[in-house]
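Notes follow once the structure below has been shown.
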Amino acid sequence: MSFDPHKAVHKATLPALRDRLGDALPASRRDRLAPIVFAGGLLAIGALLIKAKPRIGHVPQPKQFGDLPRRSRARRAALTTRDHVAPFAPTNVTDSLGRSLMLGGAALLLTRLLDEAAGRDGK
């Protein structure tokens with residue numbers, strides 16, 4: 001295969017060219033740092049959401065009818081089930097989003113760092 005740099009390479013041939021060259025082309029510094037920068041952004045946005053607690057993310061209280069015992073068996077069962085389900089309801093959506101972003105950012109950063117430590121294939 002001869003490659004003429006003066007000929008324009010069509011966009012459709014780039015994936016085929018990349019597959020043929022494989023690991024012969026080293027990853028650019030930009031490609032290697034992009035996941036780290038992205039993970040840092042996720043961590044920063046997540047921390048900001050948790051710290052700021054914007055009012056827009058506040059969730060109204062779902063338990064509105066109190067905790068007094070109910071007479072009917074069905075209502076007692078509903079009360080008991082409500083009390084078991086309530087801890088899973090969010091109190092502030094932005095806190096949940098912030099924690100998810102921080103978890104995703106940490107996982108992305110850790111994966112990239114471990115990939116860097118593992119090195120290239122065959123080396």
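All values below come from the heavy atoms of this structure, side chains included, with hydrogens, waters and symmetry mates left out.
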Distance in Å, Leu49 CG paired with Ile45 CD1, rounded so as to fall on 0.5 Å steps:
7.5 Å
Over all atoms of both residues, closest heavy-atom pair of Pro54 and Thr94:
CD-OG1, 3.6 Å
Does a side-chain heavy-atom distance below 4.5 Å link Asn92 with Val59?
no
Looking only at heavy atoms, the pair that brings Thr91 and His58 closest together is O-ND1, 3.8 Å
Connected via hydrophobic side-chain network under 4.5 Å: Ile36 and Leu42:
no
When every non-hydrogen atom of Arg112 is compared with those of Pro35, the smallest separation belongs to CD-CG, 3.8 Å
Check the pair Thr80 / His84 against side-chain contact (heavy atoms from CB on, under 4.5 Å), numbers first and verdict last.
CA-CA 6 Å; Thr80 303; His84 283 46; 3.9 Å; yes
The salt bridge (charged side-chain N to carboxylate O under 4.0 Å, His left out) partners of Arg82 (sequence neighbours excluded) come to Asp67
Is the number of heavy atoms from other residues, nucleotides or ligands under 6.0 Å of Leu114 CG greater than 12?
yes
Of all heavy-atom pairs between Met102 and Ile50, which one has the smallest distance, and what is that distance?
SD-CD1, 3.7 Å
Nearest heavy atoms of Arg71 and Arg76, plus distance in Å:
O-NH1, 2.7 Å
Scan residues 98-111 for pairs that pass side chain to side chain donor-acceptor pair (under 3.5 Å), counting only residues two or more places apart or in two chains.
none
